[in-house]
Amino acid sequence: QQKLMPKDVEALVEEIYGKAGRSMAHFLSCGDDDFSFAVGSLARFRVNTYRQRGSLASVIRIVHFEIPDWRDMGIPESVIRLADLKSGMVLVTGTAGSGKSTIVKYLMENEDLNLHFSISATSREPRGTEKNGVEYFFMTPDEFKSHIDAGDFIEYEEVYKDKFYGTLKSQVDSQLKAGENVIFDVDVKGAMSIKQMYGNRALSLFIQPPSIEELRSRLEGRGTDSQEVIEQRLAKAEFELSFAEKFDEVVVNDNLEIAEVEAESLIEDFLNE
Ligand code: ADP
Ligand code: 5GP
């Protein structure tokens with residue numbers, strides 16, 4: 001992620017806000033609550049971090065939210081280039097129960113990585129405490145089909161029988177435009193499609209369980225799926241494991257802390273390239 005000196009960031013805000021006829025005070029008054037409400041509860045936003053960390057991405061998130069057409073206001077090219085961060089994409093894939101969502105959650109707590117979750121659409125039912133617009137956009141099979149027909153997905157897969165999952169183009173585009181690094185939790189085929197589309201802009205991580213037996217015991221231990229669903233997922237897992245070497249990196253999730261730190265440092269290296 002590009003780091004700027006606080007004074008550069010301040011100058012950038014003044015330039016854009018001045019052109020829009022607003023003041024710096026107005027910018028500073030954009031409260032946490034308004035913004036979190038606007039972008040969903042997964043967004044962790046601190047209006048003042050830009051001062052301490054010179055994080056251009058957090059500034060751009062506010063500016064973009066408040067003044068969506070700021071790029072067309074006669075801002076000098078050099079300033080726009082400064083703001084158009086090369087945002088990266090991190091694809092986390094692997095079999096069901098390999099630990100993808102646990103690891104993604106850990107990675108998103110590291111604010112320096114500026115990772116924001118790509119919320120997929122799915123036609124499966126919410127489970128446990130899942131909420132619409134947080135873990136997924138939950139859709140009926142008909143709604144999902146109409147998005148397919150409209151060409152709204154970058155990719156979609158029938159990951160399990162009659163259960164569709166897909167990445168919405170609009171979602172990813174707006175995240176990348178806002179300078180966020182986007183993290184995906186997608187199945188093996190979906191990760192391969194996205195990687196093929198975005199090439200070096202995306203890092204693909206395959207999370208590998210130590211063994212199928214361990215996978216079974218984790219899925220049973222998670223307690224969120226019926227025995228039938230677990231059998232379905234295990235049957236698929238052996239097939240998916242054979243794709244491991246197609247990805248940029250394989251992270252073996254035996255000891256969770258080690259796997260988390262390994263994934264974190266791979267992502268740091270990728271984003272700093
Ligand atoms: P996925 O998102 O890949 O389906 P989860 O992150 O939900 O997998 O993990 C499946 C279950 O295994 C969860 O209950 C999680 O707490 C547990 N788990 C994840 N990693 C480990 C690990 N290294 N050791 C033991 N249990 C783990
Ligand atoms: P779950 O039902 O456990 O949330 O997810 C099942 C599988 O669907 C996981 O392997 C998950 O990575 C995958 N998945 C989630 N969202 C997407 C998506 O947008 N596209 C694809 N191809 N797979 C997805």
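When a ligand or atom number is given, it counts from 1 through the structure's own listing order. The first residue in the sequence is number 1, and the count goes up from there.
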Do the ring planes of F153 and Y156 sit parallel (below 30°), tilted (30 to 60°) or perpendicular (above 60°)? tilted

Is D185 in polar range of ligand 1, meaning some N or O pair under 3.5 Å apart? no

Check: F239 ring centroid to F243 ring centroid under 6.0 Å: yes

Steps toward side-chain contact (heavy atoms from CB on, under 4.5 Å) verdict (T93, K189): CA-CA 9 Å; T93 191; K189 281 195 199 156; over 6 Å; no

With a 4.0 Å cut-off on N to O distance, would you call E109 and K105 a salt bridge? no

Any idea which protein heavy atom is nearest atom 4 (O) of ligand 1, and the distance to it? G97 N, 2.8 Å

Tell me the protein heavy atom at minimum distance from atom 15 (C) of ligand 1, and give that distance in Å. T102 OG1, 3.8 Å

If Ile, Leu, Val, Met, Phe, Trp and Tyr residues are connected whenever their side-chain heavy atoms lie under 4.5 Å apart, and connections chain through other members, are V188 and I212 in the same group? yes

Closest to atom 25 (C) of ligand 1 among E220, E257, R218, R233 (heavy-atom distance): R218

Under 4.0 Å between a side-chain nitrogen and a carboxylate oxygen: does that hold for K131 and E135? no

I'd like to check whether G99 has a polar contact with ligand 1, where a contact means an N/O of the residue lying under 3.5 Å from an N/O of the ligand. yes

For ligand 1, which atoms, with element, lie under 4.0 Å from some heavy atom of D254? 22 (C), 23 (N), 24 (N)

Ligand 1 atoms in contact with S101 (distance to a heavy atom under 4.0 Å): 1 (P), 2 (O), 5 (P), 6 (O), 7 (O)

With heavy atoms of T95 as the reference, note each atom of ligand 1 found under 4.0 Å away. 3 (O)

Which ligand 1 atoms does N253 reach within 4.0 Å, using its non-hydrogen atoms? 19 (C), 20 (N), 21 (C), 22 (C), 23 (N)

I need the L176 CG to H116 NE2 distance, nearest 0.5 Å. 11.0 Å

Residue, atom and distance of the protein heavy atom nearest atom 14 (O) of ligand 1 read R222 CB, 3.6 Å

If we ignore angles and hydrogens, is there a donor and acceptor under 3.5 Å between the side chains of T122 and R124? no

Among residues at least two apart in sequence or on other chains, which ones pass salt bridge (Lys or Arg N to Asp or Glu O under 4.0 Å) with E143? none

Test I154 against L168 for side-chain contact (heavy atoms from CB on, under 4.5 Å), laying out the working first. CA-CA 6 Å; I154 290 181; L168 291 163; over 6 Å; no

Return the protein residues near ligand 2 (heavy atom under 4.0 Å from any of its atoms), ordered by chain and residue number. K100, S120, R124, R127, Y136, E155, E157, V159, Y160, Y165, G166, T167, D185, V186, D187, G190, R233

Lys/Arg N to Asp/Glu carboxylate O, E155 vs K169, below 4.0 Å: no

Considering the heavy atoms of A96, write down every atom of ligand 1 situated less than 4.0 Å from one of them. 4 (O)

Within-cut-off N or O pair, N255 and ligand 1, under 3.5 Å: no

Contact between S98 and ligand 1, counting heavy atoms under 4.0 Å? yes

Compute whether any side-chain donor of one residue and acceptor of the other, for N110 and E264, lie under 3.5 angstrom apart. yes

